[in-house]
Each structure stands twice: as structure tokens, then as C-alpha cells.
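Below is one structure, written out as C-alpha cells, with a few remarks after it.
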Amino acid sequence: MLIVPEREIADLMTREAAFDAVEQVFASMASGDAYNFPVVREAIGHEDALYGFKGGFDRAGLTLGLKAGGYWPNNLEKHGLINHQSTVFLFDPDTGRPTAMVGGNLLTALRTAAASSVSIKHLARTDAKILGMIGAGHQAAFQLRAALEQRNFEKVIGWNYHPEMLPNIEKVAAEAGIPFEAVPLDGMRQADVIISITSAFAPSLMADHVSAGTHVACMGTDTKGKQEVESALLAGAGVFTDEVAQSVTIGEAQHAVAEGLIKESDVAQLGAVINGTHPGRSSDDQITLFDGTGVGLQDLAVAASVVELAVRKGIAIEVDF
Ligand code: NAD
């Protein structure tokens, strides 16, 4: 069995490798070659922690396993550790033997950024110039960095509920040599692509803040009750997701479906667009919306990819198990 510790991931994993792994697994999900297992998430009644498992099997990539982990709100204060903690375990689908244990913290950020990035590649207009960011927390920086590689963006605009956090994303834009402007929410009307990545439980981005032809990637809503954008926005958009079952229960689409504005059958898999079985954007004026809920197969795909890189570089630790 191989171990790839968290400390090695930053030097091993590239945004390109994460993008390829996620694009491929979304395609496998849409063609029926890969499926996610039901998610387990429990409040364990200790340290206010939420702990759970996200797993799946990709028959095409022969990747079987799970990500175990969750959220420990007291970690930073008490232990100097980040609050989100996760580890990926991979198994040999032929025998059930464990093959790898991989640090999952940085990989989670990279695979989440890769997901919105894949959606931009396949759904945003090719002439997109202005990228709008809603959110400026930990994930937002990763999202922005990955998104900037997908189109020739000339400007980044940003809004955050806590404006003092905006320098987090301004810094990323500056590193890429792209001007940044803080805007009010209605300033998002200038954006060609908008990424929202917040932990909000009430919508910030309203339907009339979004212009025709924009691609919106909603990446923050991954739990029942969370919401980043007004439901009416989904009603007027082409809606795509990583996994439909998650989108309508724990994703952004949960609200539009509950309010009867859209039906489950209105939500398409991004993987179908990648596979060419769904046409994707229907016109330059259509608003497209990607509801990125985060699936276990994304974690397994990037973990398998990092194990390969670690083996190639002689960094993977081999243990007899
Ligand atoms: P963070 O705590 O670092 O940042 C939270 C962000 O949400 C900040 O920008 C903050 O200003 C904003 N925010 C907080 N309260 C708000 C409110 N009431 N209205 C609007 N904005 C508000 O968190 P993070 O690590 O950047 O994660 C952001 C979200 O992404 C979380 O909800 C997390 O669960 C989710 N997430 C999703 C996936 C996925 O695969 N879809 C993966 C990882 C994280």
C-alpha cells in the first residue's frame, strides 16, 4: 500500500492534472461508467465535528474508494490545524485490498476549483472577458486561479459579504497580471462568467444581477439549506451539475425544485456536455449555470492522479499492509 502525505501534495499535484482528472470522471459519470455512493455525514457529538464519507467506483478508470473527513470548527484555535480535514483511501477493485492513502485537504480545494473550471471550458462563451467572483474565502482563491486559465479574461470583479476579505482574491488576480475591481452585487451585470463560492444560507446573487449570455458556477452550496443565488436565476437558465441527485437535494437546485420553478429533469449532467451527448449552451444569449455540489468520484480521481505522480517521482511511501 502506498501513502502520499498531505505535505507532499502541493509539490506534486498540478492544476492541469486536477482538471484532466475531474473532466474525465464527469464524463465517466454521464456515460454510466462511474457512480457515487450515498454520502454519509454525521454530527459526531464531539468537538462540534461533522464527519462523513464520500465514495464511489469508476469502472472506466478502475478507481474505487472513499474520502473520509469533515469539519472540526475548533481545530485552528485549539490545535493550529485547518478546520477541514480529509483523507482519501483507494482500493484495488479486483481484490478489495487497500492500495493508497492520500492527504485530501489540498486535493479538495484543487478538485473543487477544477470542477468550475471544467464548467467554464464547456459552457462559458468563448469570448468571455470579465470574470466575477462572489466569495473571497479559502476556496475562492483556488477557484479564481483555475478559472483564469480557461478564457482570455481581461478583468476580475469581486463582491464579498465580508469586504475585508477581498484582498484574498485581489492578490490572485494581481499574480496573474489582471486588474481587479471591487463591485456592488449589481456590478456583476458586467461579468461574462461568475463564480460563487460562499457558505451562505441566503441568496446574494439575484436574477437581475446577471446579464444574458453569462455562465454562472455555483460552488458553495453543498448542504441542505445553503443557498447562494436567487432561485429565479435557475428558472431562466440552462442548468448543469456534477450529479443530478445531489444538485436537487443538497445543491443550489434544491431551492428552485422545492419552489416548483424547475424540475429534476431540467438539470443536465456536465459530463453529458463533455461526452457530446448534450449540446450544452444553446445560444450566445443563454445564461448557463453549473451547480457544483462536489462528488466523491472527484476526490478519488485527483487522488489516483497524485498517487501516479508520487510513484513517478519516487515520493510515495510504501508500507506492507
Ligand atoms: P471560508 O469560510 O474560507 O469562506 C466563506 C465565504 O463565504 C467567505 O467569502 C465569506 O465572506 C462568505 N460568507 C459567509 N457568510 C456569508 C453570507 N451570509 N452571505 C454571503 N457570503 C457569506 O469557506 P471556503 O473554504 O472558502 O468554502 C466556501 C464554501 O464552499 C463552503 O460552503 C463549503 O462548504 C463549500 N465547498 C464546496 C465544495 C464543492 O465541491 N462544491 C468543496 C469545498 C467547499
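Whatever order the structure lists ligands and atoms in, that order sets their numbers, starting from 1.
- Distances below 4.0 Å separate heavy atoms of Arg111 from the following atoms of ligand 1: 39 (C), 40 (O), 42 (C).
- Atom 5 (C) of ligand 1 has as its closest protein heavy atom Ser199 OG, 3.6 Å.
- Remark: Glu47 engages Lys78 in a salt bridge, criterion side-chain N to carboxylate O under 4.0 Å.
- Ligand 1 has no N or O atom lying under 3.5 Å from any N or O atom of Met165, backbone or side chain.
- Defined by atom type and a distance below 3.5 Å, a donor-acceptor pair is present between the side-chain atoms of Ser247 and Asp291.
- Between the side chain of Asp242 and the main chain of Gly294, a donor-acceptor pair closer than 3.5 Å is present.
- When only modelled atom types and interatomic distance are considered, Asp33 and Ser31 share a side-chain donor-acceptor pair under 3.5 Å.
- When only interatomic distances are considered, the shortest N/O to N/O separation between Ala202 and ligand 1 does not fall below 3.5 Å.
- Distances below 4.0 Å separate heavy atoms of Gly135 from the following atoms of ligand 1: 9 (O).
- Inclusion of Gly292 in the set of residues having an N or O under 3.5 Å from an N or O of ligand 1 is warranted.
- For atom 9 (O) of ligand 1, the nearest protein heavy atom (residue, atom name, distance) is Asn160 OD1, 2.7 Å.
- Here Gln298 has no heavy atoms under 4.0 Å from ligand 1, in either its backbone or its side chain.
- The number of heavy-atom neighbours closer than 6.0 Å to CD of Gln24, taken from other residues, nucleotides and ligands shown, is 12 or below.
- There is a protein heavy atom closer than 4.0 angstrom to atom 19 (N) of ligand 1.
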Report task. Under the salt bridge (charged side-chain N to carboxylate O under 4.0 Å, His left out) rule, what do Lys121 and Glu23 come out as? Steps first, then yes or no, please. Result -> CA-CA 10 Å; Lys121 173 180 168 185; Glu23 186 180 48; 2.8 Å; yes
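- Of all the atoms in ligand 1, the ones that sit under 4.0 Å from a non-hydrogen atom of Asp222 are 33 (C), 34 (O), 35 (C), 36 (N), 37 (C), 38 (C).
- The environment of CD in Glu164 is crowded: more than 12 heavy-atom neighbours from other residues, nucleotides or ligands sit within 6.0 Å.
- Remark: minimum distance from atom 11 (O) of ligand 1 to any protein heavy atom is reached at His162 ND1, 2.7 Å.
- Of all protein heavy atoms, the one lying nearest to atom 3 (O) of ligand 1 is His138 N, 2.8 Å.
- Neither side chain, His255 nor Ser231, offers a donor N or O lying under 3.5 Å from an acceptor on the other.
- Between His122 and Phe240, the ring center distance fails the sub-6.0 Å criterion.
- The 12-atom threshold is not exceeded at OH of Tyr161, counting heavy atoms of other residues, nucleotides or ligands nearer than 6.0 Å.
- Counting only heavy atoms of the protein, atom 24 (P) of ligand 1 lies nearest to Gln139 CG, 3.5 Å.
- Between the side chains of Gln298 and Lys54, not a single donor N or O lies within less than 3.5 Å of an accepting N or O.
- Of the protein's non-hydrogen atoms, the one nearest atom 42 (C) of ligand 1 is Thr112 OG1, 3.2 Å.
- Which parts of ligand 1 touch Ser204 is read off a 4.0 Å heavy-atom cut-off, strictly below it: atoms 20 (C).
- Each of the atoms 9 (O) of ligand 1 lies under 4.0 Å from some heavy atom of Ala136.
- For atom 29 (C) of ligand 1, the closest non-hydrogen atom of the protein is Thr198 O, 3.4 Å.
- Taking every non-hydrogen atom of Ala200 and a distance limit under 4.0 Å, the qualifying atoms of ligand 1 come out as 17 (C), 19 (N), 20 (C).
- For atom 30 (O) of ligand 1, the nearest non-hydrogen atom of the protein is Ile197 CD1, 3.4 Å.
- Distances from ligand 1 to the non-hydrogen atoms of Lys226 include at least one value under 4.0 Å.
- Checking each of Leu261, Val257, Ile287, Val229 against Leu234 for a side chain to side chain contact (heavy atoms under 4.5 Å, CB included) leaves exactly one that passes, namely Val229.
- Within the 4.0 Å heavy-atom criterion, neither part of Thr221 lies near ligand 1.
- A salt bridge links Arg125 and Asp192; the closest N-O separation between the charged side-chain nitrogens and carboxylate oxygens is under 4.0 Å.
- For the residues Trp159, Tyr161, Tyr71, Phe142, the heavy atom positioned nearest atom 21 (N) of ligand 1 is part of Tyr161.
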